[in-house]
Amino acid sequence: MPFPPHFAERLTSRHVKRLSRRAKYILADLDSGETLVMHLGMSGRFSVHAMGRELRLGNYVYEPAKAGRDKHDHVIIRTDAPAEIVFNDHRRFGLMLLVDTALLETHPLFEALGPEPLSTGFTAKSLEDSLRGRRTPVKSALLDQHTVAGLGNIYVCEALFYAGISPKRVASSVRAERARALVRAIRSVLRAAIKAGGSSLRDYAQANGALGEFQHRFAVYDREGKPCPRSNCKGKIKRIVQGGRSTFFCPGCQS
DNA sequence: AGGTCAACCTGAGCGC
DNA sequence: TGCGCTCAGGTTGACC
């Protein structure tokens, strides 16, 4: 991961005015007029460690870091909490950028992003509009951040299952009732996953080290050969590859 | 123009 | 024990 020029200097003594998120990017609005843009990629994680004894912030307790550094600790930010925020990313697909806050909306990473799935801007109509004329499979279209922002491979597979839509279906054929079902399914899968603290497969953990729980509730993801969770369906979960990514679905009840 | 695929990295897990 | 292969929560850019 290449870092911005003079990265440390541009962060030193800066205050974070606001922490937010757009699509899969974490945004720290700094008092310097720049925004620190962060992406975890596949394997990135942030962890917060107390500098002295344990640190309590709200409902969270942060333990001091263990002695020694992991070789994939790429960025260590010392705050006056006092705490260390460590960015660890063994595959180095993650990203950190500093962008002029006034130009953030028009930055190439953000200007063409689709709507936030939990916002009022994401509707059956907007989804139908953005899928119109697209000949790619609906699975690939949903992974495309320009269709809807923030969905990854797990949640696309899960949402298509709950909507009863085959991942192989041509995107443009998702209209009317199917588009409504898909919007509902995307929203409910994301809400459930957030409530469960996310999905911990290999790398993902929350900043205090806690693991997510949603991986125990996957209906189809990573369940190849297992029975379909729908009680009235006798199908078995199948794995196929689309656009180079694994897709899991039930051929019996997704069409 | 739009779709597909390799590339970017490291590590874990598997079969032999 | 070790080698070689496949796979992994993502995104971009080159190529048809």
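Letters go in sequence order (proteins before strands), and every chain restarts at 1. Heavy-atom basis, side chains included; hydrogens, waters and symmetry copies ignored.
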Contact check, side chains of [X] and [Y], non-hydrogen atoms, under 4.5 Å:
| X | Y | answer |
| --- | --- | --- |
| A/H72 | A/R92 | no |
| A/K24 | A/Q145 | yes |
| A/E213 | A/S200 | no |

Report yes if a side-chain nitrogen or oxygen of A/K24 is closer than 4.0 Å to either non-bridging phosphate oxygen (OP1 or OP2) of C/dG9; otherwise report no.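 No, A/K24 has no side-chain N/O under 4.0 Å of OP1/OP2 on C/dG9.
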Counting only side-chain nitrogens and oxygens, does A/Q145 get under 4.0 Å of the OP1 or OP2 atom of C/dG10?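 No.
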Once you round it to whole Å, what is the distance between [atom2] of [N] and [atom1] of [X]?
| X | N | atom1 | atom2 | value |
| --- | --- | --- | --- | --- |
| A/R239 | C/dT6 | CZ | P | 12 Å |
| A/E111 | C/dT12 | CD | P | 12 Å |
| A/D144 | C/dG13 | CG | C1' | 14 Å |
| A/L109 | C/dG13 | CG | C1' | 14 Å |
| A/I240 | C/dC7 | CD1 | P | 14 Å |
| A/F93 | C/dT11 | CZ | C1' | 9 Å |
| A/H146 | B/dA1 | NE2 | P | 15 Å |
| A/R245 | C/dG9 | CZ | P | 5 Å |

How is [X] classified with respect to the nucleic acid when contacts are heavy atoms under 4.0 Å: base, sugar-phosphate, or nothing?
| X | value |
| --- | --- |
| A/S246 | sugar-phosphate |
| A/T136 | sugar-phosphate |
| A/L201 | base |
| A/G152 | sugar-phosphate |

A/G114 to A/A149 - nearest heavy-atom pair and separation: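 Looking at all heavy atoms of both residues, the closest pair is O-CB, 3.4 Å.
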If the glycosidic angle sits within 90 degrees of zero it is syn, else anti. Tell me which applies to C/dG9.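 Nucleotide C/dG9 adopts syn.
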Between the protein and nucleotides 10-12 of chain B, which nitrogen or oxygen pairs are less than 3.5 angstrom apart?
| unit_1 | atom_1 | unit_2 | atom_2 | d |
| --- | --- | --- | --- | --- |
| B/dT10 | OP1 | A/R92 | NH2 | 2.4 |
| B/dT10 | O4' | A/H90 | O | 3.2 |
| B/dT10 | O3' | A/H72 | NE2 | 3.3 |
| B/dG11 | OP1 | A/K71 | NZ | 3.2 |
| B/dG11 | OP1 | A/H72 | NE2 | 2.7 |

Output yes when a side-chain donor or acceptor of A/E105 lies under 3.5 Å from a complementary backbone atom of A/A102, and no otherwise.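 No, the answer is negative, given that no donor and acceptor are paired below the 3.5 Å cut-off.
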Under 3.5 Å donor-acceptor, A/N153 side chain and A/S246 backbone: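 Present.
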Using a 3.5 Å cut-off on both pairing distances, which stems of three or more Watson-Crick or G-U pairs include DNA chain B?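 Result, WC/G-U stems under 3.5 Å: B:2-8 with C:10-16, B:10-16 with C:2-8.
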Say you pick atom P in B/dA12 and the same atom in C/dT11; how far apart are they, in whole Å?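 My reading of the P atoms in B/dA12 and C/dT11 gives 24 Å.
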Rounded to whole angstrom, note down the P distance from C/dG9 over to B/dG3.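 One P to the other, the span is 22 Å.
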Which nucleotide sits closest to the side chain of A/R135: C/dT12, B/dG3, C/dA8?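 Within the option list, the nearest is B/dG3.
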If we ignore angles and hydrogens, is there a donor and acceptor under 3.5 Å between the side chains of [X] and [Y]?
| X | Y | result |
| --- | --- | --- |
| A/T101 | A/T35 | yes |
| A/S166 | A/Q254 | no |
| A/R217 | A/S199 | no |

Looking at the rings of A/Y221 and A/Y155, which for Trp means the six-membered one, are their centres under 6.0 Å apart?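 Judged by ring-centre distance (under 6.0 Å), A/Y221 and A/Y155 do not meet the cut-off.
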